[in-house]
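These notes concern the structure reproduced below.
Reckoned from all heavy atoms, side chains included, excluding hydrogens, waters and symmetry mates. Throughout, a chain's letter reflects where its sequence line sits, starting with A, and its residues are numbered from 1.
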Amino acid sequence: MEEMAKAYEPQSVEDGIYKKWLDSGYFAPENLPGDRTEPFSIVLPPPNVTGTLHMGHATMLAIEDAMVRFARLRGKKTVWIPGTDHAAIATQSKVEKMIFESEKKTRHDLGREEFLTRVKAFAQDSHDTIVNQSKKMGASLDWSREAYTLDEQRNAAVNVAFKRMYDDGLIYRGYRVVNWDPVGQTTIADDEIVHKEVEATLYTFKYGADFPIAISTTRPETKVGDTAVAVHPTDKRYKKFIGKTFDVDFAGTKLSIAVVADESVDPSFGTGALGVTPAHSTVDAEIAQRHGLPMVQVIGEDARMLPLAGPLLEGKTTKQARDIVATWLREQGLMVSEEKTVQNLSTAERSGGVVEPLPKMQWFVAVNKEFARDGKMVTLKQLMQDAVRSKQIEILPERFDKTYFHWIDNLRDWCISRQIWFGHRIPAWFKGDDVVVGENPGDGWTQDPDTLDTWFSSGLWTFSTLGWPNENAPDMKAFHPTNVLETGYDILFFWVARMVLMSTYLLGEVPFKTVYLHGLVRDEQGRKMSKSLGNIIDPLDMIAKYGADATRLSLVIGSTPGNDMKLSEERIAGFRNFTNKLWNISRFVDMTTGGLRHVETVEATTLADKWILSRLNDVIAKVTAHHETYSLSLAGELLREFTWTDFADWYLEIAKVEKGKDDILNYILERLLILWHPFMPFVTEEIYTKFNRGMLIVAEWPSVGATLVVAHENEFEKLQNAITAIRNIRSEYKVEPKKLVDVVLSNDSLMPYTDVICALARVQNLVVGEKPEASASAIVGDVEVSISLAGLVDVAKVKARMETELASVEKYIAGIRARLDGDFATNAPENIVAGERAKLAEAEARREKLMQGLNAML
RNA sequence: GCGCGCAUAGCUCAGUUGGUUAGAGCGUCACAUUGACAUUGUGAAGGUCCGUGGUUCGAGUCCACGUGCGCGCACCA
């Protein structure tokens, strides 16, 4: 038997253990032992192949792995599917940036094919890093099922989904105002926009001297594209102009401006009149549509003015054009006022470019269009709402329900085409004005050059990873809908909502039953971790320094759904101490019981045994329940409390003086390792090898009630006091506990504590009767030490303590009495009142004892 | 503007459906430490549960209003 090292060294064992798991094949459900019928499945939110994993990913892996390992230990047919996301725009812009920095070339210099080769190489690299990091974390992912949002199978799924939606009229092509990112040279979705506050000037002016209404704008250069002025229908100032059209000469362009009435105009803002630029504002485009106004595009894709903007502005940047128009207005005497204001500028999340709303021919998913489903007319929006409203999907924490509904209520058609190269090519083919969606119809047809929004393929993730579009794929039947989707709350809309859309539409079932939203990992001061702040904690560094188990614990314990978490290296170091504690508990049991071994059942003979075993049962029951409701943090805290305080600090101490506990120590330790395994898989697996019971990853979760014993609360307190007494005697008199053999009780002032002393005697294996004698003694070993307890206790201290206690008991009694005298006794439920009465009786008894003791001391 | 959240010990946070003496970790202080544990133990101090009002026999928990902070969405033309 090899002795365990004094301290646990994660670095020397973790890689070996992971390899052992891989070799066992247990990450794949078909290899799991036993006859498993109940499925448990999670698909990993695929990390973007844009780089490396950060603490957010580590949190995701730690939480999901805990869920998955728990399910596996509970005997479920468990699978956790890994994968990565091609993250279209994010990846393409990153590679573009890198290529430009090193070679000063753009993607157009390289050409589509060469550029895509470069992106693929980069993505492959990132992928390998991510996989390696996930393994370091101990993630029990089924690598045999690994998927990639841009691989062949997923592409097949995308094409089928696209065609089906197109055939149902839910995907359409339309000339609409979209968010154009002039830097990335692509359209982006509404939720890829980031608003930034910037200073701007609000110009108020008239289009021309003869135009009767003044308007306000921060973007006068767009006004060359105006076709109307909108006012509120009830606005008395302008009522007389509604329906009229004015021709004006504006900054070198001839404009024809109609005055229309629209409810959406706020009469109290500015002049109460809104210049309508249908081509360069989504809001204006909607107004224009309502009134049948023409759309004039004056800004191009390069964010420069088009010829239609007139000779004065053509070719100028929007900023230059703005100044030109402002100057022109001042010169013409048309400017009414100029004031500083704060403008919320729309920028592209990825490229940082200032978004320019432009009309473009794009592909859209219609979220408000009705289609037939099970004989009823529904919309995609309704499907998304119903899934959550009907509780088929439960969101944790619940409050995100509201956010979810709020978002869907405001949802507009989803623009899914992107003018970038990296991504799923849109499966649409053109020949003149003809369009075919699906396979290449043959010669003379050209495919749409655009690619799909990355979230289109991500939306299919729960089932594209399970073999869809083959609906008879065995994994589809076995594992869909998945049990949990665990992800950060920041992508509730981007991703979660779109998965609900795709799954309910394409499969008619929800993609998952529970959504567990974890918080963001922040630094000690609550700031986001970022490169520029230099406050990033790298998971790999932490694993190297403190071990994967400690890193995982720090991310799971103390983290509740939906709430951000502050993480510091200190915190991780604290959990490293705990992994070491568990190691040393095992080391102690190993050394003192002659080696770790499986014990099937145990019998509780002493008070301490009954207590610790009843605690264990309680912990098993509660930890199991917490896992089932995904309250991982609570489960972890409970386990830590039990392991450190109850088992290590108390029971192990008792075991040092009270022999014959070898079986119970082994019994509890083995079960403790299983209970801890979901949270700290490495150290538990390593210790478990000493039990010679095969691999812990497929052990059997302990059940409650194997040894159901109940110890009275009071007895537990006595034990604690007894242990304290041993320690005090030991330290004050420098007596080794094993040689303490005689206890003399000779002072009446200790009467209130005779129970405690009695318990102490029991722990010491001293023989005592029902009522403690004034003295008790026994001989252990060959040394006899005689100690009078009266001499050990500072009577003044005891008296003071008793007096304090008496005061608080009096107060407590008064409180209960007051309640019982009031309406409480008649109005509260009987069992509650009875409980109060019992507490009162108990407190009174305690008071009686304390008073007796105090009297004796006088 | 619309919506959501948070406020509990010095710090970070738990606190399940209201049940009556509010908990943990870290930190602080005191004591102990030849130990399975360099990473240990025991104990102590520390709280008007943001404020005000309400519902209730009973409120940290439910309701209303207020204050402070944070987040999401939309946007002002």
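Among the nucleotides B:rA36, B:rG19, B:rA77, the one closest to the side chain of A:I832 is B:rG19. Among B:rU20, B:rC4, B:rA36, the nucleotide with an atom closest to any side-chain atom of A:T403 is B:rC4. Closest to the side chain of A:R587, from the set B:rU20, B:rA36, B:rU39, is B:rA36. When distances are taken from the side chain of A:D266 to each of B:rA77, B:rU39, B:rA36, the shortest belongs to B:rA77. Closest approach to the A:L634 side chain among B:rA14, B:rA77, B:rA36 is made by B:rA14 (side chain taken as heavy atoms from C-beta onward). Among B:rC57, B:rU39, B:rA36, the nucleotide with an atom closest to any side-chain atom of A:A7 is B:rU39. Taking only side-chain atoms of A:H406, from C-beta outward, the nucleotide of B:rA36, B:rC2, B:rG19 with the closest atom is B:rC2. Nearest to the side-chain atoms of A:N577 among the listed nucleotides B:rU39, B:rG72, B:rA77 stands B:rU39. Here B:rC37 is the nucleotide among B:rC57, B:rC37, B:rU39 with the atom lying nearest to any side-chain atom of A:K6. Taking the side chain of A:N580 as heavy atoms from C-beta on, and the options B:rC37, B:rA77, B:rC57, the nearest nucleotide is B:rC37.
Straight-line distance from the OH atom of A:Y404 to the C1' atom of B:rC4: 17 Å, rounded to whole Å. In this structure, the CG atom of A:D409 is 12 Å from the P atom of B:rC4, given to the nearest Å.
In the model, A:D646 has no side-chain atom that pairs as donor or acceptor with a side-chain atom of A:Y651 under 3.5 Å.
No donor-acceptor pair closer than 3.5 Å links the side chain of A:H232 to the backbone N or O of A:D266.
Within the 4.0 Å cut-off from OP1 or OP2 of B:rU40, not a single side-chain nitrogen or oxygen of A:W644 is found. In this structure, A:K581 reaches the B:rG41 phosphate: one of its side-chain N or O atoms is under 4.0 Å from OP1 or OP2.
Judged by the 6.0 Å and 45° rule, A:R389 forms a cation-pi pair with A:F405.
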